[in-house]
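Single-structure report; data block below.
Here is how names work: the chains are called A, B, and so on, in the same order as the sequence lines, proteins then strands, and each is numbered from 1.
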2 protein chains.
Amino acid sequence: MAKRQDKRAEVIDLLAVHFLDTGLSDTGLRRLAEVAGTSDRMLLYYFENKEELVAAVLTQIASSLGASLTEMFGHRPLPPSTLLEALWAAAKSEAFKPHLRLWLDLAANANRGDPLLISISQQISAGWIEWMAHLLAVPDADKKATAALILAAVDGQLVLFPGEIARGESAILQLIRLLKQQVGHVDIGDRQHHDPAYS
Amino acid sequence: MAKRQDKRAEVIDLLAVHFLDTGLSDTGLRRLAEVAGTSDRMLLYYFENKEELVAAVLTQIASSLGASLTEMFGHRPLPPSTLLEALWAAAKSEAFKPHLRLWLDLAANANRGDPLLISISQQISAGWIEWMAHLLAVPDADKKATAALILAAVDGQLVLFPGEIARGESAILQLIRLLKQQVGHVDIGDRQHHDPAYS
DNA sequence: TAAATGTTGTAGCGATTGCTACAACCTTAT
DNA sequence: ATAAGGTTGTAGCAATCGCTACAACATTTA
């Protein structure tokens with residue numbers, strides 16, 4: 001026993017951890033085999049080639065992301081400033097950093113044009129935005145734009161201050177202030193004035 | 001003639017263009033030599049090693065960035081929403097994309113821990129922030145935070161939507177709206193209420 | 001039991017990596 | 001002219017890369 005498919009799934013799990021730990025460098029087949037407790041020869045038995053291996057691992061990380069986010073933040077709708085505060089606290093935590101770092105790594109590689117990485121990266125981004133949009137207590141018409149803005153602000157700190165994201169604190173606080181000052185339609189509660197131009 | 005130092009500078013210029021075109025991949029010595037019109041052997045004569053080569057090229061790109069930014073935007077102070085509008089228009093343009101892409105590439109590599117790349121990346125980020133802070137018509141106390149926020153929002157679109165940054169339009173428009181709604185201290189003019197806690 | 005199929009180890013190919021040994025050239029200084 | 005030193009080409013090393021040929025073993029099927 002320990003058939004091909006079983007082993008494949010086990011390898012994916014182990015490598016997902018490794019990818020989150022070390023990013024997309026350090027991905028030589030022999031090194032990955034060592035991490036997965038097997039041989040490079042076997043990796044290419046379980047997977048068509050390295051590309052499919054990487055895609056499988058990243059896809060699994062992407063699909064498990066939604067679950068961990070929901071577990072972390074629940075389902076209750078939050079005002080954008082509160083959500084950003086919580087997200088920022090998470091981004092600064094050690095537990096969360098690997099995900100953001102891997103995401104940045106992936107985006108940078110995707111920017112080089114690789115269609116496979118572009119697709120996976122977009123899938124992850126869409127997952128984040130979708131998750132946050134559902135959680136935001138703002139009019140439907142603003143949900144996606146606000147979600148993308150909040151995510152971009154946090155990711156942007158990763159680009160601006162590599163390795164020490166905490167230095168982006170003042171910029172995030174500034175955005176929190178702006179979101180709190182938001183005038184007009186952001187009455188407290190769930191009453192949404194349902195702009196029919198959006199879902 | 002054509003001494004070592006002259007050739008070195010010429011090589012740096014040629015490779016700066018190449019780096020902006022193709023990012024930090026495609027940096028094999030033989031490939032770089034081809035681009036620079038020389039041989040790998042000579043590259044290692046002009047430079048100590050590949051690391052020093054890359055650092056020299058990136059540093060030159062970083063130091064030339066300020067000049068081109070000032071040339072593009074002038075010196076007149078602008079309200080943050082106007083500046084973001086202009087920056088976003090630039091970010092979407094083909095002429096500007098290489099810089100952003102290279103910056104993202106650099107940040108991703110820096111995030112892997114390489115101290116040299118971290119240093120260069122921080123230098124570039126600081127240059128952007130400094131430049132924008134001087135250009136912003138906001139109280140001194142808010143200058144750097146606002147600049148970092150605007151930059152992060154734009155860079156973040158690069159991470160969220162690799163290869164098609166224009167899809168971040170709605171998030172940027174959202175931030176423009178927020179900046180326009182900014183209440184309180186943003187009286188027109190340069191009168192600053194000089195919070196002593198900040199430079 | 002025999003044949004077919006699934007799983008794994010050994011060994012290595014051809015290409016690429018950063019880098020170097022060595023010798024030849026060319027210019028300059030004596 | 002001769003020596004010294006700066007400049008450049010040829011060739012190749014050792015390591016790593018993704019990947020494969022081939023045979024051995026195990027398990028299932030006939």
Under 3.5 Å side-chain donor-acceptor pair for A:T38 and A:K7: no
Any cation-pi pair here, A:R4 with A:Y45, using under 6.0 Å and within 45°? yes
Do the side chain of A:R30 and the base of D:dG18 come within less than 3.5 angstrom through a donor-acceptor pair of N or O atoms? yes
Let me spell it out: for each of B:K50 and B:R41, pick the nucleotide of DNA chain C with the closest heavy atom. Which residue's pick is nearer the 5' end? B:K50
Nucleotide of C:dC19, D:dT7, D:dC19 approaching B:Y45 most closely (side-chain heavy atoms): D:dT7
B:D40 side chain, from C-beta outward: closest of C:dC19, D:dC19, D:dT20: C:dC19
Considering every strand and a 4.0 Å limit on heavy-atom distances, what is the contact class for A:T38: base, sugar-phosphate, or nothing? nothing
Out of C:dA21, D:dT7, C:dT10, which nucleotide sits closest to the side chain of B:K3? D:dT7
Which whole-number value in Å describes the distance from B:L43 CG to D:dG9 P? 11 Å
Looking only at side-chain atoms of A:L44, point me to the closest of C:dT20, C:dG18, D:dT20. D:dT20
Out of D:dT8, C:dG9, C:dC19, whichever nucleotide has its closest atom nearest the side chain of A:S39: C:dG9
I need the CZ-P distance between B:F47 and D:dT7, as an integer number of Å. 14 Å
Give a yes-or-no answer on whether the side chains of B:D155 and A:Q157 include a donor-acceptor pair shorter than 3.5 Å. no
Protein-nucleotide distance (A:D26, atom CG; D:dC17, atom P), rounded to Å: 9 Å
Hey, are A:E169 and A:W88 close enough side-chain-wise for a donor-acceptor pair under 3.5 Å? yes
Would you say a side-chain N or O of B:Y46 is under 4.0 Å from OP1 or OP2 of D:dT8? yes
